Amino acid sequence: EAGVVQSPRYKIIEKKQPVAFWCNPISGHNTLYWYLQNLGQGPELLIRYENEEAVDDSQLPKDRFSAERLKGVDSTLKIQPAELGDSAVYLCASSKTLAGGLDTQYFGPGTRLTVL
Amino acid sequence: AQRVTQPEKLLSVFKGAPVELKCNYSYSGSPELFWYVQYSRQRLQLLLRHISRESIKGFTADLNKGETSFHLKKPFAQEEDSAMYYCALRGTSGSRLTFGEGTQLTVNP
């Protein structure tokens, strides 16, 4: 099994440009997460989806960040416009929702964004 | 609010020596604690979780609610244990994982 797939793996853009990241979760995983990981820090949750519904987006900077998971499978995270401080690794993870709680989160390889 | 603290950013030991990676947490309820590991050029992956009470790759971790700690231990470190280790907490109100800043473990030959 391929695991969580993310693309692109690396992206370099100039500030004020838009950028989008794509994530394909593990088959059968209804919960999808986007995390931001700054250099030297642990991952921080940006948004969590249960199927196509965003159930936790309190940490998503909504002035410039947006996300969608239209059919409850793949997801896209967008930044428009990008700022220098957005340079980081963007991680996608997925898990199953089980009775009594959530299963283990499986992480993708991440997209490393550099904003010049 | 939930918070995870890993006081050591870097930890270096020799092969065969015991190793302990510290993790302290702050949470008002009953949390679920995890250790995640990221080997060089690999993705972040779960190492162990406290509710499983299992040993993975020789590592164990005990949840100490009195000291609000979840330290990761291994009696005899191996070179292949060199990696970045993250402690994480999940509260009872949802699935949000809160990660610590991570500890880079280096096991020297």
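The structure presented is a predicted model; accordingly, all values stated were derived computationally and were not measured. Letters A, B, ... are given to chains in the order of the sequence lines, protein chains preceding strands, and every chain is numbered from 1.
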d(A/Q105 CD, B/R90 CZ) to nearest 0.5 Å is 6.5 Å

### Task
Show the numbers, then the answer: is there a side chain to side chain contact (heavy atoms under 4.5 Å, CB included) between A/Y106 and B/Q45?
CA-CA 7 Å; A/Y106 293 86; B/Q45 58 186 285; over 6 Å; no

Rounded to the nearest 0.5 angstrom, the OG-CG distance for A/S95 and B/L46 is 11.5 Å

A/E44 side chain near B/T98 side chain, heavy-atom distance below 4.5 Å: no

Under 4.5 Å to a heavy atom of chain A? For B/L44 that would be both

task = For A/L116, look at atom CG and say whether over 12 heavy atoms of other residues, nucleotides or ligands are found less than 6.0 Å away.
result = yes

Turns out that what part of A/Q37 lies under 4.5 Å from chain B's heavy atoms comes down to side chain

Cut-off 4.5 Å, heavy atoms of chain A, and the answer for B/Y36 is side chain

inquiry  = Measuring only between side-chain heavy atoms, which start at C-beta, is A/P109 closer than 4.5 Å to B/Q42?
reply    = no

Scanning both residues in full, the closest heavy-atom pair of B/R43 with A/F107 reads CD-O, 3.0 Å

* **Worked check of side chain to side chain donor-acceptor pair (under 3.5 Å) between A/Q41 and B/Y86** => CA-CA 10 Å; A/Q41 304 290 320; B/Y86 293 95; over 6 Å; no

To the nearest 0.5 Å, atom CG of A/L45 lies from atom CZ of B/F99 at 9.5 Å

Ranking A/A93, A/G40, A/G110 by heavy-atom pairs under 4.5 Å to chain B gives rank one to A/G40

